[in-house]
Amino acid sequence: MSITILGIESSCDDTAAAIIKDGVILSNSIANQDVHRSFGGVVPELASRAHQQNIIPVVDHAIKKAGITRDEIDGVAFTRGPGLLGSLMVGTSFAKGFALARNIPIIEVNHLQAHVISLFIDMPDKEVKHPPFPFLCLLVSGGHTQLMKITGPLEMEVIGKTIDDAAGEAFDKCAKVMGLPYPGGPHVDKLAHQGNPERFNFAKPKVEGLDYSFSGLKTSFLYFLRDELKKDKQFIDKNLNDLCASLQHTIINILMEKLIIAARGEGIRHVALAGGVSANSGLREAFEDLKISRDWEVYIPAFSFSTDNAAMIAMTGYFKYMRKEFASQDIAPAARL
Ligand code: KG4
Ligand code: ZN
């Protein structure tokens with residue numbers, strides 16, 4: 001039997017819908033919200049309103065792009081959390097209404113679990129190498145940084161996590177200090193290509209075990225710039241590329257160090273990357289290097305499945321549909337899960 005899932009993602013500032021049929025992506029639509037740009041960060045109230053405006057056109061687009069009709073959809077998967085409550089409510093309510101009208105089940109999805117499951121999405125025109133179980137996944141996004149041990153399609157254990165800021169937050173906050181637009185991560189990545197990663201040294205955290213910390217780096221970066229700007233007001237402009245390259249280099253080193261310790265400790269040589277920061281070209285290169293330097297197998301999702309998207313929600317929904325893990329109509333979204 002063929003299974004077609006509509007996925008809905010609305011946890012932060014992107015309204016997204018996707019169709020997955022038997023694990024293969026048919027469409028992946030997204031509406032980004034430009035409204036937050038001038039505020040230097042996501043404004044929750046504005047995000048909820050934009051989701052409300054975008055959700056129906058985005059779902060409509062995803063269904064048309066997939067070349068299917070609404071009648072062919074077997075289940076609706078939606079992000080239940082974690083995320084902004086007002087934003088989550090829009091996607092959750094839409095999923096409930098759509099499913100009720102069509103008399104099909106709804107499937108709740110944890111956004112973080114979905115980032116990991118993005119590694120299993122098949123493409124119609126390209127073979128995708130999936131990680132075998134068990135494998136380790138470094139999940140790095142704007143809100144989370146976790147090391148996870150994955151033992152089955154829906155079986156995952158957090159073995160390390162950040163005790164303060166997420167890696168994406170470190171990119172974004174430091175970028176903001178340099179006057180770059182929000183979100184700063186992609187800008188830092190781009191400018192870093194032209195810079196010297198060894199030029200500046202920033203404090204690396206000393207955290208026990210497999211946990212991470214990024215707040216010290218942010219402070220060290222801020223104080224360093226404050227001191228240099230006292231000597232030369234143009235310091236940032238003159239050194240922007242080197243600052244970005246050195247910052248990115250430090251964040252990548254911090255991320256890779258714990259991953260390597262974890263993989264050695266667990267005796268696992270299959271490692272994966274997921275979450276928005278996995279779009280970072282330096283981090284992708286550091287992962288690719290592991291193939292040669294350590295003879296490990298490496299798995300990185302396609303760019304379109306790295307940052308927030310609904311394909312990963314639909315894929316998680318597909319796995320849960322196969323297990324008949326459906327939610328009831330009285331389910332409520334959860335900002336923290
Ligand atoms: O997973 P995601 O789209 O949303 C959350 O669930 O948080 O991740 C967004 C984060 C932002 O912090 C953004 O700056 C970062 O991913 N990001 C990047 C890059 N592309 C997105 N960070 C560094 N380099 C990139 N190329
Ligand atoms: Zn995310």
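For ligands, and for the atoms within them, numbers begin at 1 and follow the listed sequence. In what follows, every heavy atom counts, from backbone to side chain, and hydrogens, waters and symmetry copies are set aside.
Close approach of ligand 1 to G142 is summarised as follows: ligand atoms under 4.0 Å from at least one heavy atom of the residue are 5 (C), 7 (O), 8 (O), 9 (C), 10 (C), 12 (O). For ligand 1 and G143, the ligand atoms under 4.0 Å from any heavy atom of the residue are 7 (O). Counting atoms of ligand 1 from 1 in the listed order, those under 4.0 Å from a heavy atom of H115 are 1 (O), 6 (O). Here is the list of ligand 1 atoms found below 4.0 Å of a heavy atom in S141: 1 (O), 5 (C), 6 (O), 7 (O), 8 (O). Interface of G168 with ligand 1, defined as ligand atoms under 4.0 Å from a residue heavy atom, comprises 12 (O). Counting atoms of ligand 1 from 1 in the listed order, those under 4.0 Å from a heavy atom of P183 are 14 (O).
On a distance-only criterion, G275 and ligand 1 share no N/O pair closer than 3.5 Å. Considering backbone and side-chain atoms alike, E169 places every N or O at 3.5 Å or more from each N or O of ligand 1.
For F94 and F78, the distance between ring centers is not under 6.0 angstrom. Aromatic ring centroids of Y321 and F326 lie under 6.0 Å apart. Aromatic rings from F133 and F120 are positioned such that their centres are separated by under 6.0 Å.
Aromatic ring orientation, F214 versus Y212: parallel (interplanar angle below 30°, classes split at 30° and 60°). By the 30° and 60° cut-offs, the orientation of the rings of Y299 relative to F135 is tilted.
L6 pairs with exactly one of V76, I20, D74 by the side-chain contact (heavy atoms from CB on, under 4.5 Å) rule, that one being V76.
Here M89 sits in one hydrophobic cluster together with L85; the rule is ILVMFWY side chains under 4.5 Å apart, joined directly or through other members. Alongside L337, the hydrophobic cluster contains no other residue (criterion: ILVMFWY side chains under 4.5 Å).
At a 4.0 Å heavy-atom cut-off, ligand 1 touches D172 through the side chain alone. Contacts of H111 with ligand 1, taken as heavy-atom pairs under 4.0 Å, involve the side chain alone. With a heavy-atom cut-off of 4.0 Å, Q248 does not touch ligand 1 at all. At a heavy-atom distance under 4.0 Å, only side-chain atoms of D189, from C-beta outward, approach ligand 1.
Ion pairing of E257 with K204 is present here, as a side-chain N (NZ or NE/NH1/NH2) and a carboxylate O approach within less than 4.0 Å. Electrostatic pairing of D172 and K176 does not count as a salt bridge here, judged by no charged N lying under 4.0 Å from a carboxylate O. For the pair D71 and R102, the salt-bridge criterion is met [side-chain N within less than 4.0 Å of a carboxylate O].
Within the 4.0 Å heavy-atom shell around ligand 1 one finds P186.
Applying the salt bridge (Lys or Arg N to Asp or Glu O under 4.0 Å) test to pairs two or more places apart or on separate chains, those with a residue in residues 269-285 are R269-E297.
Given atom 24 (N) of ligand 1, the protein heavy atom at minimum distance is N280 ND2, 3.0 Å. Of all protein heavy atoms, the one lying nearest to atom 2 (P) of ligand 1 is D308 OD1, 3.3 Å. Among protein heavy atoms, atom 15 (C) of ligand 1 sits closest to V277 CG2, 3.9 Å.
Remark: among candidates G276, A274, G185, S281, the nearest residue to atom 20 (N) of ligand 1 is G276, based on non-hydrogen atoms.
In terms of modelled atom types and a separation under 3.5 Å, the side chain of S246 and the main chain of L243 share no donor-acceptor contact. In terms of modelled atom types and a separation under 3.5 Å, the side chain of N239 and the main chain of D242 share no donor-acceptor contact.
Each protein N/O/S atom under 2.8 Å from the Zn ion (ligand 2) was counted, for a total of 3.
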